[in-house]
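Input: a single structure, listed below in structure tokens.
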There are 2 protein chains.
Amino acid sequence: MGFSMRAVRVETTVRRDQIARAALALIASRGTHALSVAAVARRVGLVPSAIYRHFRSKDEVLDAAIAHVGDLLLGNVAAARAATGVPIERLHVLLGRHLSMIREHGAIPRLIFSDDVYGGHAARKASMLRALRAYLDQVAEIAREGQEQGSVRADLEPDTVALLFMGLVQPAAVLWHLSDGRFDVSTHAERGWRLLSETLAPRDAGPASAAAPTAAEIPRLIRIPEDRT
Amino acid sequence: MGFSMRAVRVETTVRRDQIARAALALIASRGTHALSVAAVARRVGLVPSAIYRHFRSKDEVLDAAIAHVGDLLLGNVAAARAATGVPIERLHVLLGRHLSMIREHGAIPRLIFSDDVYGGHAARKASMLRALRAYLDQVAEIAREGQEQGSVRADLEPDTVALLFMGLVQPAAVLWHLSDGRFDVSTHAERGWRLLSETLAPRDAGPASAAAPTAAEIPRLIRIPEDRT
DNA sequence: CGGACTTGTGAATCGGCATTCTCTTTGCTC
DNA sequence: GAGCAAAGAGAATGCCGATTCACAAGTCCG
């Protein structure tokens, strides 16, 4: 098992990527706290000092991880755009992808709030902000397209829509994490989505036509099994 | 200034509270990362080892801080209840208080996502979840009251309303933090609130009549001089 | 005043972790 | 196959932070 075979030699460009992913995975599973050079190295199959062949410092590793998050987020947007041409549906697809992303590697919210991002150099904070804004801008852009074609109320600020969209995801993420996955994210998301899409739809267009699934097909309750401690 | 006067002797019950507050303040300003026994001690005017007269370990200090957060949240609810009897208005007041709370000591979101909460004993995670749930339950309760008196749509799950409410605050908090306070929280909050209250209002009651007061007649609870991003 | 208890202090201790240095291995190129 | 540069290994260094311990100073009560 945990032998000490010498790692196969791999070129830096590849290693950097592996390391960034490993860092992200670590943060996702055990928090930024667990992000030690040693841990990252182990995960990649290297020895701690080897990391320094590819990054100047631990900080740089973190930066790479953050950049990776940004890529993932934008990748989701691209996928949602590819999935359908209808703005509202795009948002719905995006919501779903965003949620699965959080389920898989819940690193994003943790990273966003991590001390390393806050406390770190202003540069890091700024790049995190850029990544988030880029994502929000994409969402806003989709909303704007909806407005242009009349499927979204024209009196809404696209930016506000983007923030509300984010607000649909975040609390769910929090509860999901805190409850060890017992909180039913998808049900919450669908309910929230129904309300949001209803809100986005122009008033005169009738209550949520194609946009909102009917109440009947929406599953059960928000379930957080009461663990009486 | 930083002399080494011996600290005046104070009884444990008081010290424990001081220490919990200090810990929270530290987390708020510089993250859980900065929560060292030494830092807490300095803030209280003690020497590191003195902390151990009042807490068994650093972990216990953190627990105390978390408990304090719960108290603060519930205190906000109580204040909102006291401020007005109208459910919708209560939510609005609560929103304002919640936001100022985040501005003052942004510790809450950071704590919630902190590694210490996630990685720490399951017990800590559980108590954080309890605190959050208690808060959400209060919000849901207010929504339920609104439904009883007809000012809130009856077809909404109070729990869903509570989560949406939380979703109004969280993204704002994130951006506010990341942008060093440059993000205009109050504008976002007011826009989001307008939509939410519109959504909560019964459809037949006309668009935002009594339920959603116009921005003009709402006392300016949320106020921030900031510029835009 | 004199103990007994409580709170505060300062000097160790101890472990974890980032970073550095030197040496070895590997792979490419001529 | 020699030479060289990139990549990996492992030991050493040094710092920072939690925790412990023996001692001092206040406080309470008789």
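As the structure is a prediction and not an experimental result, all values here were calculated from the model. Lettering of chains follows the sequences in order, A, B, ..., and the numbering in each one begins at 1.
Rounding to the nearest 0.5 Å gives a distance of 10.0 Å between CG of A/Asp137 and CG of A/Leu74. Rounded to the nearest 0.5 angstrom, A/Glu60 CD and A/Ile51 CD1 are separated by 12.0 Å. Interatomic distance, CG of A/Leu62 versus CG of A/Leu111, reported as 6.5 Å (0.5 Å rounding). Atoms CE and CG, on A/Met166 and B/Leu175 in that order, are 5.5 Å from each other to the nearest 0.5 Å.
Residues from residues 36-52 of chain B lying near DNA chain D, meaning a heavy-atom separation below 4.0 Å, are B/Ser36, B/Val37, B/Ala38, B/Ser49, B/Tyr52 in numerical order. Scanning residues 8-18 of chain A for heavy-atom distances under 4.0 Å to DNA chain C yields A/Arg9.
Counting to the nearest Å, the P atom of C/dG27 and the CZ atom of A/Arg6 are 10 Å from each other. A straight line from CD of B/Glu60 to P of D/dT19 spans 10 Å, rounded to a whole angstrom. The CZ atom of A/Arg53 sits 14 Å away from the P atom of D/dG10 (whole-angstrom rounding). Atom P of nucleotide D/dG8 and atom CZ of A/Phe55 are separated by 12 Å, given to the nearest angstrom. Computed from coordinates, the B/His33 NE2 to D/dC16 C1' distance equals 11 Å when rounded to whole Å. Rounded to an integer number of Å, the gap from A/Leu26 CG to C/dC17 P is 12 Å.
Side chains of A/His188 and B/Glu157: a donor-acceptor N/O pair is absent below 3.5 angstrom, by distance only. With hydrogens and angles left out, the side-chain atoms of B/Gln18 and B/Arg15 include a donor and acceptor closer than 3.5 Å. At a cut-off of 3.5 Å, with distance as the only test, no side-chain donor of A/His98 or A/Gln170 sits close to an acceptor on the other residue.
Remark: side-chain polar atoms of A/Thr187 are not paired, donor with acceptor, to backbone N or O of A/Asp184 under 3.5 angstrom. Judged by distance alone, with hydrogens and angles left aside, the side-chain atoms of A/Thr84 form no donor-acceptor pair with the main-chain N or O of A/Ala80 at under 3.5 Å.
Of all heavy-atom pairs spanning A/His54 and A/Arg16, the tightest one is O-NH1, 2.9 Å.
Taking side-chain N and O atoms only, A/His54 has a distance below 4.0 Å to OP1 or OP2 of D/dG8.
The side-chain contact (heavy atoms from CB on, under 4.5 Å) with A/Ile19 is formed by just one residue from the set A/Leu24, A/Val44, A/Val14; it is A/Val44.
In DNA chain C, the stems built from three or more successive Watson-Crick or G-U pairs (distances below 3.5 Å) are C:1-30 with D:1-30.
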